[in-house]
Amino acid sequence: VHDKKICLGDLVGYGADPNPCVNFIRENTDLILGGNHDYAVVGKTDTTYFNPYAYQACIWTRQEISEENETFLKSLPAIMEEEEICWAHSSPYEPERWHYIFSLTDGYQNFDHFNSPVCFVGHSHIPLILERDPKGSIEMVRKPFYEFKPEHRYIVNVGSLGQPRDGNPDPAFVIYDSELKTVAFRRFSYDCETAQQKILDQELPPYLAERLGEGR
């Protein structure tokens, strides 16, 4: 088994470096999904539900994105299922309706819509694990490291690299060991101030810069 790097979507949408982000992910990632912001930028999804900040950033990104990267974003699926793992940007249930997975109720809606033992999602930007036992009961787990139980099934929200929203501004990602069946949530620090200044320099909404420093 070789290591794979997975991107669950939203390569673009709020930041001031859409082309460098897409280029980096294309060069360094084994499997890439499209998120609602990627789809919005290339006209594959409706933007009427976007808040004003997201919409303004979407319009700006449409003007900035290269033709090659636009074509690439158009090609990305919103969900993929392999033998042991399902990958979805938002949710296995109606993956292009961009539902959020926050709660036990969301878990009950989603577990029947994928077949593999585990599904990894993004979209809500909130790291969490939903665990369903063989009887169908679901629990929420919030631990930095967790070992999966045999016969149980899981939905794992990996958090967000570019837009953490759990009150911690450090980017979040997950390392999954498919042999040991363990998941580890990781954070790291980065030069947030430069990212914020780039957003302001492009005259994007200041709120998009402010929220980066607050993890919301």
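Keep in mind that this is a model prediction, so the values were computed, not measured.
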Worksheet item: Going by the angle between their ring planes, with limits at 30° and 60°, are His37 and Tyr14 parallel, tilted or perpendicular?
Response: tilted

Worksheet item: Can Leu104 be reached from Ile129 by stepping across I, L, V, M, F, W or Y side chains whose heavy atoms are under 4.5 Å apart?
Response: no

Worksheet item: Are side-chain heavy atoms of Ile6 and Val158 found at a separation under 4.5 Å?
Response: no

Worksheet entry | Set of ring pair (Phe, Tyr, Trp, His ring centres under 6.0 Å) partners for Tyr100, sequence neighbours left out | Phe102, His123

Worksheet item: Is a donor on one side and an acceptor on the other found under 3.5 Å between the side chain of Lys198 and the backbone of Gly15?
Response: no

Worksheet item: So with a 6.0 Å cut-off around CD of Glu82, is the heavy-atom count from everything else above 12?
Response: yes

Worksheet item: Distance from Glu68 atom CD to Asn23 atom CG, nearest 0.5 Å?
Response: 7.0 Å

Worksheet item: Tell me, do Glu64 and Val12 make a side-chain contact under 4.5 Å, heavy atoms counted?
Response: no

Worksheet item: Should Met80 and Val156 be regarded as members of a common hydrophobic cluster, given that ILVMFWY residues are connected when their side-chain heavy atoms come within less than 4.5 Å of each other, either directly or indirectly?
Response: yes

Worksheet item: So, Asp133 side chain and Ser137 main chain: donor-acceptor pair closer than 3.5 Å or not?
Response: yes

Distance-only donor-acceptor hits, side chain of residues 201-208, under 3.5 Å, sequence neighbours excluded:
residue	atom	partner	partner atom	Å
Asp201	OD1	Gln197	NE2	2.8
Tyr207	OH	Arg216	NH1	3.3

Worksheet entry | Residue Phe173 excluded, over 12 heavy atoms near CZ under 6.0 Å | yes

Discussion item. Are Ile199 and Leu212 packed together at the side-chain level, in the sense that at least one heavy-atom pair is separated by less than 4.5 angstrom?
Written reply: yes

Discussion item. Rounded at 0.5 Å granularity, tell me how far CH2 in Trp87 sits from CG in Leu33.
Written reply: 9.0 Å

Discussion item. So, taking the atom named CG in Asp106 and the one named OG in Ser124, what distance separates them when rounded to the nearest 0.5 Å?
Written reply: 9.0 Å

Discussion item. Regarding Asp166 and Arg187, does a basic nitrogen lie under 4.0 Å from an acidic carboxylate oxygen?
Written reply: yes

Discussion item. For His152 and Tyr154, take the angle between the two ring planes, folded into 0 to 90°, and tell me which bin it lands in: parallel under 30, tilted 30 to 60, perpendicular over 60.
Written reply: parallel

Worksheet item: Hey, does the side chain of Asn110 reach the backbone of Ser91 with a donor-acceptor pair shorter than 3.5 angstrom?
Response: no

Item to complete: Could you tell me whether the side chain of Leu76 reaches within less than 4.5 Å of the side chain of Leu73, counting heavy atoms only?
Response: yes

Worksheet, complete the sentence: Across all chains, not counting sequence neighbours, the salt bridge (Lys or Arg N to Asp or Glu O under 4.0 Å) partners of Glu96 are none

Worksheet item: Has the side chain of Asn168 got a donor or acceptor atom that lies under 3.5 Å from a matching backbone atom of Gly215?
Response: no

Worksheet item: Do the side chain of Tyr39 and the main chain of Ala78 share a donor and acceptor less than 3.5 angstrom apart?
Response: yes

Worksheet item: Using a side-chain heavy atom cutoff under 4.5 Å and only I, L, V, M, F, W and Y, what cluster partners does Ile79 have?
Response: none

Fill in: Spacing of OH belonging to Tyr146 relative to OG1 belonging to Thr182, to within rounding of 0.5 Å
12.5 Å

Worksheet item: Of Arg153, Glu84, Glu81, which meets side chain to side chain donor-acceptor pair (under 3.5 Å) against Ser116?
Response: Glu81

Worksheet item: With distance as the sole test, does Thr47 use its side chain to make a donor-acceptor pair with the main-chain N or O of Ala40 at under 3.5 Å?
Response: no

Item to complete: Please confirm whether the backbone N or O of Pro92 pairs with a side-chain atom of His113, one donor and one acceptor, at under 3.5 Å?
Response: no

Worksheet item: Hey, does Phe114 have a side-chain heavy atom less than 4.5 Å from the side chain of Phe111?
Response: yes

Discussion item. Looking at Thr194, is its backbone amide N or carbonyl O close enough to the side chain of Asp191 to form a donor-acceptor pair, meaning the two atoms are under 3.5 Å apart?
Written reply: yes

Worksheet, complete the sentence: Residues pairing under ring pair (Phe, Tyr, Trp, His ring centres under 6.0 Å) where one sits in residues 16-35, two or more places apart or in two chains, turn out to be none

Fill in: Side chains of His89 and Asp10 in contact at under 4.5 Å (non-hydrogen atoms)
yes

Fill in: Residues forming a side-chain hydrogen bond (donor to acceptor under 3.5 Å, both in side chains) with Asp112, sequence neighbours excluded
Arg132

Worksheet entry | Arg97 atom CZ, neighbour heavy-atom count above 12 within 6.0 Å | no

Fill in: Point-to-point distance, once rounded to the nearest 0.5 Å, from CD1 of Ile138 to CD of Glu131
10.5 Å

Worksheet item: Under 4.5 Å between any side-chain heavy atoms of Leu130 and Glu139, yes or no?
Response: no

Worksheet item: Side chains of Pro117 and Phe148: does their closest heavy-atom pair fall under 4.5 Å?
Response: no

Discussion item. I'd like to know if Tyr93 and Ile155 are part of one continuous hydrophobic network [Ile/Leu/Val/Met/Phe/Trp/Tyr, side-chain heavy atoms within less than 4.5 Å].
Written reply: no

Worksheet item: Is Phe50 atom CZ crowded by more than 12 heavy atoms from other residues, nucleotides or ligands, each under 6.0 Å away?
Response: yes

Worksheet entry | Pro95 backbone acceptor or donor facing Ser90 side chain under 3.5 Å | yes

Worksheet item: Counting distance only, does the side-chain N/O of Asp38 pair as donor-acceptor with the main-chain N or O of Leu11 below 3.5 Å?
Response: yes

